[in-house]
Each structure stands twice: as structure tokens, then as C-alpha cells.
Amino acid sequence: MPSLAEINPLAPETAECPFPFYEAMRRECPVYQVPSAGFFIVSRFDDVLHVLRHPEIFSSKSGPGLRPVPDEEVIAIMRQGWMPVNTLLTNDPPAHSRYRALVNKAFSARRVASLEPSVTAIASDLIDRFIGDREVELVRQFAVPLPLTVIADALGVDRADMDRFKRWSDDSVAPLGGFLTREREIECARSIVEFQHYFAERLEERRTNPRDDILTDLLNAHIGLDGEEARPLDMAEMLSILQQILVAGNETTTNLIASGMMILVQQPELQERLRAEPDRIPNFVEEALRLESPVQGLFRQAVVDTEIGGTPIPAGSRILLSYASANRDEAEFPHADEIDLDREAPEGHLAFGRGIHYCLGAALARLEARIAFTLLLQRLRAIRAAEGKNDYTHVPSVILRGLKALYLEFEPA
């Protein structure tokens, strides 16, 4: 069991397998200031929850990623589109609450429940395409296109453009994780500008040809900030919201489906239990979210001198809330490193955050994952890792956790 002093938290090998680092933090220094980087990491459940419950002390405006401010070359590229504005993820009350109210309707419990037939149809169609092959690369052939198709339909954009949506989504989150080359960082900036111009054109089309979709909803929305009269959203605001919906609508669900299936392949007895007791699949989804949290953590910034768990935090300090570590805190979750389909209140984890920034698409992600695992377990038998093809490595990131690929073999049911 390594000690905290032996681990470089920003090394690629730590991002690949962060769990010994999380355990060392919880044991030795639950609020840990990263040497040379300066920011703090909060690792215990109760301490993370404390920060999430006090947005008046811990602001979200500093940005979610490791590097909050891009350099001049990247900014010059970004100016070819629309510069980022604070709307949802990077905002605080009361402005955050007003933006959030504009998009809550699209992700309400009733609206999400109404999507079950279409999500089932999309998932079934994807399985139809590979079931005869008796093998699948699950990430590319299923875990990516399922949520991406659902969110494309909700946005009202052409499914034929989904490869571009995936690229734009990947390029939106890649800069957050801390492992980009200079060339890749510039590529991501250009990609985001491309995304902006694509959706700006779609929004202009909706002005003359409105539809029942999120784009039209945003065009019709009005917001009043800082005491001003309610006004329509400007283009930068609409594009900010759309970018977050696109990313949140697919990245986390893709990672959840892939990591959940990895667990089922590594523990085949769980496959059999879930086939025999399909009513436990929602519990399995929650446990997969807890153990392999798709969002490992997000940043906050202290706006005043404060403390977390007895550790002084000076005003201006950036703080990484480690949801993934909190979700394996033995003080909150007995046998925290194990899947427990009978765990009481399995949804009590922090994989979707908590409080005012609780994930907007949590209900949709749960629906998609439940349907995905139900259909995969119904239609595929003896699901196993394809021999010699898997290394189970993840896309390098301190912020997100997602398998690069998952090669499976199976027998059609």
C-alpha cells in the first residue's frame, strides 16, 4: 500500500489507476495540497459534501479543468467563434439558477420517462448490427452511439452528423484533463469553433423554421440577470448551454456503460444474478457509477478564507472535489471497493454531484444505462473479454474516466 509521498497525483500512471492515490489521501491527508501545483484535493465523502452544500463559499466560476486559463494562441483561435461565457457548470447563484431553469424542462422526469421507447429502439438497433458477429468493440459500436443518438434527437440535429458530434464532444472535454500536447490543445480549440459555427447555423434555421426541440426552446427562452429586464439569450449563451448538453449527454453515459460492462466481464457471476434478477439492474447501475465514477472530480474556488475538515483554505485557492475518492470512502460505504447489489440507498453516491450543480442529465443517464444493460444481458449470453485484445486502459485525464475500448465475445441468446 503506497504512501502519499510516493505518488505523483498528476502522473499519467496515477490517472490510469487513481484508486491507491485516493485511498492514501483519505488515510493520510484528506484535504491534500498538491506539491508544485498548489491546488487542494478533497477526498472524503463528508468533506466533499460540505463544499457542494456551500456554493456561496466555494465558487464554480474558475472552471472545471486543471488549467483554468488558456494561453494567447488558443484564445486567438477561440475568438474566431464565440468566447466562453458562464451559464451552467461554471456559474454560481443567482445567475446559475436562472440559466438552469431554462433547460430543466428538457430533462424533467416526465420528459425523460417519455424517451424510454425511443432509447430502447436505438439500443436494440445497435445490438442488431453486431449480434450476428458474436463479437463487438463495445465502446465504438454501442456505448458511444447510444447516448449520442439520443442527445442528437433531443437537440433536433441530423443523426448523419454524429461522428462530428462525438469529435466535438471529445475535444470539449480533452483540455480539462491535464495531459494534452500543445498540438492537441490547438486542435481542440479549432474543433470547438467548428462546433460553434455548426450550431449557430442550426439556431438561425430555427428562427424561421421552429421545431419541438432544445434549439427552438433556447431561441424562445428569456433571462433576466442582475436586475435587468428579461431578454432573449445571446448566441454565446446558447452555444455554451448546447456544448454542455452535448458533452453531458454522452460522455458520462458512454463511460458508465463501458465500465459497467467491464465489471460484468470481470465478475461473470454478476451477469448471471442480473439475468435472474433484472430488478437489480438499477442497483448495479448505481454501484457502477460509484465504483467507476465517469466524472472523477470537478474544481471549485474559495471566495473567502475558510477551512475544510480542519484544513485552512486561503481565499482564491482552487479545490478539486474528488467524487471518485468520496465514492469509495469506507466511512460512508461499507466494503466500498466491492459491488453490492443489495446496498442500502445505492443512489447515495456523488457520481452526479449534489446540490445546485447536481447533474442535469442524471435521470437520462440512468434510463439509458438501465436499458443498455437490460438489453445486452437479455440478448447476449456468456459475455466475455476477447482474448488478447483488451488492455483496459483509459483516456488520460484527471477529470474524466473512460475506457478507450472494450472488446467482447458472446453467444447470441
Side-chain angles (χ1 to χ4, degrees), residues 115-154 157-170 246-247 249-276 278 280-282 284-285 288-289 292 294 364-395 400-413:
L115 294 174
E116 181 151 359
S118 64
V119 174
T120 301
I122 293 165
S124 296
D125 177 62
L126 291 169
I127 294 173
D128 287 342
R129 297 181 194 182
F130 64 73
I131 192 167
D133 300 332
R134 298 174 180 262
E135 62 180 12
V136 63
E137 195 288 279
L138 194 81
V139 176
R140 178 178 55 83
Q141 293 178 257
F142 185 83
V144 165
L146 173 60
L148 201 56
T149 305
V150 172
I151 206 64
D153 289 353
V157 291
D158 194 336
R159 288 186 182 182
D161 289 330
M162 283 204 307
D163 286 348
R164 298 163 79 186
F165 302 153
K166 176 58 178 169
R167 176 167 57 83
W168 292 332
S169 179
D170 288 346
L246 177 65
V247 170
N250 79 86
E251 291 287 340
T252 51
T253 308
T254 290
N255 297 345
L256 166 60
I257 292 170
S259 62
M261 187 53 70
M262 178 186 69
I263 292 169
L264 291 177
V265 165
Q266 293 171 343
Q267 302 181 51
E269 69 280 3
L270 281 176
Q271 289 186 45
E272 295 313 308
R273 182 172 177 193
L274 291 175
R275 287 191 183 99
R280 311 309 285 176
I281 288 176
F284 172 72
V285 169
L289 282 163
E292 290 282 338
L364 179 58
R366 286 178 163 123
L367 175 79
E368 291 169 337
R370 173 175 60 79
I371 291 170
F373 290 118
T374 299
L375 291 177
L376 289 167
L377 290 168
Q378 281 178 353
R379 300 191 60 189
L380 314 181
R381 289 284 186 266
I383 305 171
R384 57 200 179 272
E387 192 169 343
K389 287 188 175 182
N390 291 293
D391 59 11
Y392 302 110
T393 57
H394 297 77
V395 177
L400 300 177
R401 184 166 177 82
L403 279 173
K404 292 179 181 177
L406 184 63
Y407 294 91
L408 303 177
E409 296 173 348
F410 56 85
E411 306 304 325

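Here Glu292 pairs with Arg401 in a salt bridge; the nearest charged N to carboxylate O distance falls below 4.0 Å. Salt bridge status for Glu409 with Arg384: present, with a side-chain N to carboxylate O gap under 4.0 Å. For Asp170 and Arg167, the salt-bridge test fails: no basic side-chain N is under 4.0 Å from an acidic carboxylate O. Of the charged side-chain nitrogens involved, at least one lies within less than 4.0 Å of a carboxylate oxygen, so that Asp128 and Arg379 count as a salt-bridged pair.
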Name each donor-acceptor pair under 3.5 Å that joins a side chain in residues 137-152 to protein atoms two or more places apart or in another chain, with its distance.
residue : atom : partner : partner atom : Å
Glu137  : OE1  : Arg140  : N            : 3.0
Glu137  : OE2  : Val139  : N            : 2.9
Glu137  : OE2  : Leu406  : N            : 2.8
Gln141  : OE1  : Glu137  : N            : 2.9
Thr149  : OG1  : Pro145  : O            : 2.6

List, one per line, each side-chain donor-acceptor pair under 3.5 Å for residues 257-265, sequence neighbours excluded.
residue : atom : partner : partner atom : Å
Ser259  : OG   : Asn255  : O            : 2.9
Ser259  : OG   : Leu256  : O            : 3.3

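Counted within 6.0 Å of CD on Glu269, heavy atoms from surrounding residues, nucleotides or ligands total more than 12; the atom is thus considered enclosed. In the displayed structure, Tyr407 atom OH is contacted under 6.0 Å by at most 12 heavy atoms of other residues, nucleotides or ligands.
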Verdict with supporting geometry, Phe410 and Ile131, side chain to side chain contact (heavy atoms under 4.5 Å, CB included):
CA-CA 9 Å; Phe410 56 85; Ile131 192 167; 4.1 Å; yes
I'd like to know whether Arg370 forms a side chain to side chain contact (heavy atoms under 4.5 Å, CB included) with Arg366, so could you lay out the CA-CA distance, the side-chain angles of the two residues, the decisive distance to 0.1 Å, and finally the verdict.
CA-CA 6 Å; Arg370 173 175 60 79; Arg366 286 178 163 123; over 6 Å; no
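A side-chain donor-acceptor contact under 3.5 Å links Arg381 to the backbone of Leu377. In this structure, Thr253 contributes its side chain and Asn250 its backbone to no donor-acceptor pair below 3.5 Å. Without hydrogens or angle criteria, Asp391 side chain to Thr393 main chain gives a donor-acceptor distance under 3.5 Å. A donor-acceptor pair is defined here as one N or O able to donate and one able to accept, closer than 3.5 Å; such a pair exists between the side chain of Asp158 and the backbone of Ala160.
In this structure, the separation between OG on Ser124 and CD1 on Ile371 is 9.0 Å, given to the nearest 0.5 Å. Here the straight-line distance linking atom CD1 of Ile281 with atom CG of Leu375 works out to 9.0 Å at 0.5 Å rounding.
In terms of heavy atoms, Ser169 sits closest to Glu251 at OG-OE2, 2.9 Å. The two residues Val157 and Phe165 make their nearest non-hydrogen contact at CG2-CZ, 3.3 Å.
Exactly one residue among Thr120, Leu115, Val285 makes a side chain to side chain contact (heavy atoms under 4.5 Å, CB included) with Leu367. That residue is Leu115.
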